[in-house]
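Numbered from 1 within each chain, the chains take letters A, B, ... in sequence-line order.
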There are 2 protein chains.
Amino acid sequence: MTDSVKSRREQILDTASTLFSERGYHATSMRDLAGELGMQGGSLYAHISGKEELLIEIVNRASRQFDTALFSLRDVPLPPGEKLREAMRRHVQVVADNMESATVFFHEWKHLSPSAYARVTGWRDSIDAFYRELITQGIDAGAFRRDLDPKMTAYLVLSAVNWAYTWYRPGGLLGPGDVADTFADMLLRGLEVSA
Amino acid sequence: MTDSVKSRREQILDTASTLFSERGYHATSMRDLAGELGMQGGSLYAHISGKEELLIEIVNRASRQFDTALFSLRDVPLPPGEKLREAMRRHVQVVADNMESATVFFHEWKHLSPSAYARVTGWRDSIDAFYRELITQGIDAGAFRRDLDPKMTAYLVLSAVNWAYTWYRPGGLLGPGDVADTFADMLLRGLEVSA
DNA sequence: CCTACCGATCGGTAGG
DNA sequence: CCTACCGATCGGTAGG
């Protein structure tokens, strides 16, 4: 991306994200995609090798965004509660900034061929591990309840930040940071009035 | 279902749930479906009117299960925390008992034709409303924090119980009730050690 | 980037 | 429930 103008390939990927997220991978034809870009179906193959390459690229970029946002947080010294909050802020930010790719990511990765499929499940495990680690550190530090199950706690946090792809609409009253903060407040302090 | 044996139509719907959840609606051909049932593609049309009828029926049945489980709880007199817990138990139970239909429901409803599509969005709103109502009652009763936003709180609860379709595996250590209880404990009491 | 085309496969139907 | 078939559309390629 040395150009200020997006390359044709980038345009194809952007449009593919939009169409795949709206209609699904299999329900989007290469002719649909080409038409949206003002070209003929066959012309796409001057820029890409095939349909699956588009899906792989979209999914890879999305997972790389999560990686960059989250893993750099590992060595940041913050109290556990603040660290979890910051992770959630970054996580929701990635979802919000990439609503379409995120939707494709969550819905269409099952349609990848075995090797790309395996990479995604491996990636998913690494994200689970990141959050479990964060929870365990918080328990060990005495900040989080000792009776928490790190695995289930990680699932709960991931539910909150991932599910946002189904309802969040950019440009609304709440920005991604507000959403993450609201969720973090509720999760950390609980819904019930303290006894 | 006066028969103890499932009708051919029921078998078709069951198999369609499995295939649609594994491969997606559009990536499942009617010949795939027929083959799984030991028949020819054209033979399906003696039992159903078309492919979309299958999707509509799967989605309708799933939403009816949620309705039955949740709305009957409206008039049950329980403390707000226990009522939310019970709603989550029932919600996760429906997801766990119908992992395949639930997956189809969450992933494929976008592919419905306009009228069926509108019914699903309407249904989704009614589930949102159910949880918001429950939260609001809890706030008014003084059981939940006054600073909660019922809308965001409902999203958080729904995230937890819905996202289970991506990771829950029946037959594991935790039953659906355990999952819901663990989530409810964390949500109600919070992750942090009380100050 | 287009035209023209490939074989394969799609959902669905007719007639039995 | 099967055989045989319909028109439409699919992802992708050849040659320019």
Could you report the tightest heavy-atom contact between A:Trp109 and A:Arg124, atom names first, then the distance? CZ2-NH1, 4.3 Å
Residues A:Arg85, A:Glu82: salt bridge by 4.0 Å N-O rule: yes
For C:dC1, which nucleotide is its Watson-Crick or G-U wobble mate, given both distances must be under 3.5 Å? D:dG16
Please state how far atom CG in A:Leu33 lies from atom P in D:dG12, giving the value in whole angstrom units. 12 Å
Do NZ/NE/NH1/NH2 and the carboxylate oxygens of B:Asp185 and A:Arg145 come within less than 4.0 Å? no
Okay, side chain of A:Gln11, backbone of A:Lys6: is any donor-acceptor separation there less than 3.5 Å? yes
Measure CE/A:Met30 against P/C:dC10 and give the value in whole Å, please. 18 Å
D:dG11 C1' sits how many Å from A:His111 NE2, rounded? 16 Å
I need the residues from residues 39-55 of chain B with at least one non-hydrogen atom less than 4.0 Å from DNA chain D; give them sorted by number, or say none. B:Met39, B:Gln40, B:Ser43, B:Ala46, B:His47
So, is B:Arg31 near the phosphate of C:dG12, with a side-chain N or O under 4.0 Å from OP1 or OP2? no
Side-chain N,O (B:Ser29) to OP1/OP2 (C:dC10) below 4.0 Å: yes
In whole angstroms, how far is the C1' atom of C:dC10 from the NE2 atom of B:His26? 11 Å
Taking the basic N atoms (NZ, or NE/NH1/NH2) and the acidic carboxylate oxygens, is any pair closer than 4.0 Å for A:Glu108 and B:Lys110? no
Should B:Arg9 and B:Glu53 count as an ion pair when the cut-off is N to O under 4.0 Å? yes
